[in-house]
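Note that this is a predicted model, so its numbers are computed, not measured.
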There are 2 protein chains.
Amino acid sequence: MPKKTFENLETGKKNRIYEAALNEFSRTRFESSKVSNIIKEAGIPRGSFYQYFEDKFDLYLYIFDEIGKRKMAYIGDIQSKIQEMSLFDLWEELYITGAKFAMENPRLVDITKFLLSSKDQVYNKLMGNNLKLAVDYYVQMIEVNKKNGLIRESVDSVTLATMMIETTTNVAVDNLTTGDDFGTDFEKMIQEIKKRIDIFRKGVETGEEHV
Amino acid sequence: MPKKTFENLETGKKNRIYEAALNEFSRTRFESSKVSNIIKEAGIPRGSFYQYFEDKFDLYLYIFDEIGKRKMAYIGDIQSKIQEMSLFDLWEELYITGAKFAMENPRLVDITKFLLSSKDQVYNKLMGNNLKLAVDYYVQMIEVNKKNGLIRESVDSVTLATMMIETTTNVAVDNLTTGDDFGTDFEKMIQEIKKRIDIFRKGVETGEEHV
DNA sequence: CCTCCATATGACACTGTTGTCACTTTTAGT
DNA sequence: ACTAAAAGTGACAACAGTGTCATATGGAGG
């Protein structure tokens with residue numbers, strides 16, 4: 001975490017550094033990011049950088065922490081609704097809110113994406129546990145809905161939870177396959193999300209087929 | 001693509017280079033891979049490397065090409081069955097075959113994974129079009145099944161195709177969320193795949209809910 | 001045995017990066 | 001105004017990698 005020297009900085013400079021770091025870490029993954037680029041863009045001398053942070057990773061941790069805070073603030077208190085809403089209504093809300101956040105913060109998404117796709121220790125340290133918690137959270141929702149008779153008992157909760165999270169991650173990020181990133185077309189994204197949720201709810205086969 | 005010097009090489013040396021490249025490119029993404037590591041492991045001098053390949057990227061292209069060939073040989077002629085089988089039977093076959101290939105060739109999977117997660121020109125050059133073709137292929141299958149009355153008309157073909165491919169990619173690679181890579185437990189992987197396909201077919205809601 | 005061309009080789013020039021450190025400037029307290 | 005601590009600064013040493021090039025080697029044909 002940053003040294004107090006950084007905390008004490010005037011907002012302007014602090015912000016330039018934050019912005020430059022965001023640009024650099026969303027441009028490329030951690031290993032190939034360069035302190036040189038960051039200080040050039042922020043317009044601070046090299047020496048100062050090391051006055052503020054232990055090293056590159058120290059800054060990265062700080063940025064990662066900030067992203068987490070901002071995301072949490074954005075997602076807000078949806079958590080509390082878990083008992084009141086059905087799985088899919090709740091999911092839709094989570095999904096759309098997440099997608100909106102992603103759309104408004106493309107750089108944060110890129111950073112997360114880079115992290116998700118690294119298999120090194122950095123990843124395990126920062127993300128590993130988060131995902132396990134997310135799975136637990138979804139499993140919990142699913143179980144409640146099974147008890148209420150809304151979800152088939154024969155569906156494996158962990159499998160469903162995993163699929164839901166994977167799906168959420170993919171559209172939140174962009175369409176893996178079509179390369180479509182929805183630009184700023186929020187409506188289009190919502191339509192896509194609803195189509196996806198519908199498939200999860202009802203399946204795609206016609207009624208005649210199975211029992 | 002490699003120079004003829006490389007093609008002319010005795011099988012032993014050629015193979016050592018191939019193996020070393022596979023190790024290096026599956027260890028880390030292209031940008032951070034090192035010619036130094038490859039030549040050290042293959043036991044060839046630096047100069048020789050540049051006798052065989054234009055540069056690092058030239059070798060990468062070669063490896064990528066090889067992976068494609070081997071994968072194609074493995075997947076084989078499933079293509080021809082498109083008219084005879086229902087969407088999900090066909091998908092299950094594609095899915096399981098792909099997963100088996102992935103399980104047997106973890107290094108190839110890692111390389112693909114690294115490529116998938118890069119957003120640079122390398123990716124677009126090598127993968128962009130592949131994915132579009134895959135989507136088209138799935139869409140085509142889906143349309144056939146709609147005509148036969150097996151799939152609800154109200155399902156968006158492109159959305160479904162995209163979701164199917166994303167799902168396939170994820171389990172083929174590993175469980176994004178649980179971190180479970182199934183090791184060599186082929187049976188367990190098949191079970192997981194079947195559970196996923198079942199959710200796509202039938203949806204997860206109980207019958208009472210919707211029309 | 002000689003010659004010539006393809007191939008092999010590793011030292012090296014070049015580039016780019018990180019983190020350090022000796023020195024300068026600013027700030028704040030007296 | 002004086003001084004001590006804090007913050008700022010950029011030249012630089014250390015390192016790590018790439019691709020090149022002058023030179024060495026070997027084998028096929030004469």
Which of A/Trp91, A/Tyr138, A/Tyr95, A/Phe88 passes ring pair (Phe, Tyr, Trp, His ring centres under 6.0 Å) with A/Phe200? It is A/Trp91
- prompt: If you draw a 6.0 Å radius around NZ in A/Lys100, do more than 12 non-hydrogen atoms from other residues or ligands fall strictly inside?
  reply: no
A/Leu94 and A/Tyr137 have their tightest heavy-atom pair at CD1-CE2, 4.0 Å
Hey, does the Lys NZ or Arg CZ of B/Lys14 hover above the aromatic six-ring of B/Phe6, less than 6.0 Å from the centre and inside 45° of the axis? yes
Checking D/dG19, C/dG19, D/dG17 against the side chain of A/Lys56 (C-beta onward), the nearest is C/dG19
Q) Take atom NZ in B/Lys3; do more than 12 heavy atoms of anything else shown fall under 6.0 Å from it? A) yes
Winner on side-chain proximity to B/Tyr50, out of C/dT17, C/dG19, D/dG19, is D/dG19
To the nearest angstrom, the CZ-C1' distance between B/Arg16 and C/dA8 comes to 14 Å
Side-chain contact check for A/Lys13: nearest option of C/dG19, D/dG8, C/dT17 is D/dG8
Distances under 3.5 Å only, N/O to N/O: pair up the protein atoms with those of nucleotides 23-27 of chain D.
none

Of D/dA7, D/dT18, C/dT9, the nucleotide closest to the side chain of B/Gln51 is C/dT9
Side-chain atoms of A/Pro45 come closest, of D/dG19, D/dG10, C/dT18, to D/dG10
Contact string for nucleotides 22-29 of chain C, one letter per nucleotide 5' to 3', B = base within protein heavy-atom range under 4.0 Å, S = sugar-phosphate only, - = neither, reads --------
Review point. Where the side chain of B/Gln51 meets the backbone of B/Thr5, is there a donor-acceptor pair that is under 3.5 Å apart?
Key: no
Quick test: give all pairs of protein nitrogen or oxygen and nucleotides 11-14 of chain C nitrogen or oxygen below 3.5 Å, distance rounded to 0.1 Å.
none

**Message:** Do A/Arg107 and A/Glu19 have side chains that approach each other closer than 4.5 Å (heavy atoms only, starting at C-beta)?
**Reply:** yes
If you measure from the Lys or Arg side-chain nitrogens to the Asp or Glu carboxylate oxygens, is any gap between A/Lys132 and A/Asp136 under 4.0 Å? no
